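A quick note: this is a predicted structure, and the numbers were derived from the prediction, not measured. Numbering of ligands and ligand atoms starts at 1, following listing order. What you see below is based on every heavy atom in this structure, not just the backbone, and it leaves out hydrogens, waters and symmetry mates.
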Amino acid sequence: MNPKDRLKIGITCYPTLGGSGVVATELGKLLAEKGHEVHFITHSMPFRLGKFDKNIFYHEVEVNDYHVFKYPPYDLSLASKQAQIVKQEGLDLLHVHYAIPHAVCALLAKQMVGEHLKVVTTLHGTDITVLAQDESLSDLIRFAINGSDVVTAVSDDLIQETRQLLGIEKPIELLYNFVDKRVYYPRDVGNLRREFARPDEKILIHISNFRPVKRVIDVIEIFDRISKEVPSRLLFVGEGPELSKVLCKAKEKGLLDKVTFCGRQDDVAQLLSLADLMLLPSEKESFGLVALEAMACGVPTIASNAGGIPELITHGVTGYLADIGDVETMSQLAIHLLQNEAAYKAMREACLYRARYTFCNDVISRQYEALYYQVLGREAPEELLVKPLEC
Ligand code: GMT
């Protein structure tokens, strides 16, 4: 990279499990790989940060636990850390993921260091679809969005919802989630597969944080119906508040011997490559990153027609969609696909193609880079303007 094009970028995200943290961390890693200097400013090390990279720096936000504070003020510590790192490292911009509290903190940091600092805010979903419904927070979210220099959202559906719920008029850029094709591809997992299922059995998978919004009980309902028609197994990956309810439901249905609870896992691509089908019956999903990760591994998804999911999954092409809670239709569609080899093969190919050409790391990371140069009023390097021939 030409040194004049090198950007100094601060990233703040939720560093623990969750799609927004994954997107923020993977983006930071890609930017660093291209030669930009990336500073993560978070309360703990982002879980996907991985190996050492000379262009990546991590600054931990330490919360002041002064005895008069009833609630230690994380937000103030974050804003103050952001301002400190911006000054110390000469950052050009802060890219924050989630309006609350991260964008609000970044705006405070901007006031502390000066107008030259640009704030890019990415909306991921629940900051709008859940928090913006709360009247005690909606004005603050509107303030965060209107005060940011650039706002992006991960689906058109989320943009529309942001406009409707908050009456936002400023432009919101659409930048979809992405997958790194060097990590997410169909792995050779022949031996491992034998440990989970017999050769005649299909494997279904659900990955989430088991929040109520994921409707994990529907996953059991769907699997119950499928397993009566197609010999199959179900893998649950992740942990969260609804996990114990799922266990009870699986027990009640007599399915425990067919269900494996894998807990939190790092190498998701490996597990996805074992699977034949992903189940994602969420109530809300601004994009559905796990379905994209599955797609990149050649695994179609049966999902609800919620939020931004239809922008990712084309019904009948890269998966099937049904109304939220319609477990009967979802099961029928899954059974049809699992019993129809030709249709399955065509869908698998379509998944691989779409993940590789529409939602791949090269395409989306370039869009973010272009946006950064634009907000900074700097000319983008020529290679950014040329569309990649192949992802
Ligand atoms: O889905 C979750 O519970 C996690 C959540 C998050 O905040 O990390 O994910 C949101 O952001 C992801 C990355 O942009 C999206 O792919 C998910 O669809 C979105 N989740 C919801 O909208 C419920």
Trainee: Going by the order shown, which atoms of ligand 1 are within less than 4.0 Å of some heavy atom of K284?
Mentor: 23 (C)
Trainee: Using a strict cut-off of 4.0 Å, indicate which atoms of ligand 1 neighbour a heavy atom of K214.
Mentor: 1 (O), 2 (C), 3 (O)
Trainee: Which bit of L289 gets closer than 4.0 Å to ligand 1, counting heavy atoms only: side chain, backbone, both or neither?
Mentor: both
Trainee: Establish, for the pair R187 and Y185, whether the NZ or CZ atom is under 6.0 angstrom from the six-membered ring centre and no further than 45 degrees off its axis.
Mentor: yes
Trainee: Is ligand 1 under 4.0 Å from a heavy atom in the side chain of N177, in the backbone, in both, or in neither?
Mentor: side chain
Trainee: Go through ligand 1 atom by atom and flag the ones less than 4.0 Å from a non-hydrogen atom of V154.
Mentor: 14 (O)
Trainee: Taking all non-hydrogen atoms of both residues, which atom of I313 and which atom of L321 are closest, and how far apart?
Mentor: O-CD1, 3.7 Å
Trainee: I'd like to know if the side chain of D127 and the backbone of G125 have a donor-acceptor N/O pair within less than 3.5 Å.
Mentor: yes
Trainee: Are Y98 and ligand 1 in contact, using a heavy-atom cut-off of under 4.0 Å?
Mentor: yes
Trainee: If every non-hydrogen atom of I226 is compared with every non-hydrogen atom of A334, which pair is closest and at what distance?
Mentor: CD1-CB, 3.5 Å
Trainee: List ligand 1 atoms under 4.0 Å from F287, heavy atoms only on the residue side.
Mentor: 16 (O), 18 (O)
Trainee: Looking at every non-hydrogen atom in both residues, tell me the closest pair between K81 and I41 and how far apart they are.
Mentor: CG-CG2, 3.7 Å
Trainee: Under 30°, 30 to 60°, or over 60°: which ring-plane class applies to Y74 and H43, parallel, tilted or perpendicular?
Mentor: perpendicular
Trainee: Below 3.5 Å, N or O to N or O, backbone or side chain included: is there any such pair between G19 and ligand 1?
Mentor: yes
Trainee: Could you tell me, atom by atom, which parts of ligand 1 come under 4.0 Å of a heavy atom of G18?
Mentor: 8 (O)
Trainee: Angle class for the Y176/F287 ring planes (parallel below 30°, perpendicular above 60°, tilted otherwise)?
Mentor: tilted
Trainee: State, to 0.1 Å, how close L117 and L91 come at their nearest heavy-atom pair, and which atoms those are.
Mentor: CD1-O, 4.2 Å
Trainee: Any idea which atoms of ligand 1 are less than 4.0 Å away from a heavy-atom of N209?
Mentor: 2 (C), 3 (O), 4 (C)
Trainee: If you take all heavy atoms of A132 and L165, which pair is closest and at what distance?
Mentor: CB-CD1, 4.3 Å
Trainee: Considering A24, A153, S286, G125, which one's heavy-atom position lies nearest to atom 19 (C) of ligand 1?
Mentor: S286
Trainee: Judged on heavy-atom distance to atom 18 (O) of ligand 1, which of H124, E285, R211, H97 sits nearest?
Mentor: E285
Trainee: Would V23 count as being in polar contact with ligand 1, using the rule that some N or O on each side must be under 3.5 angstrom apart?
Mentor: no
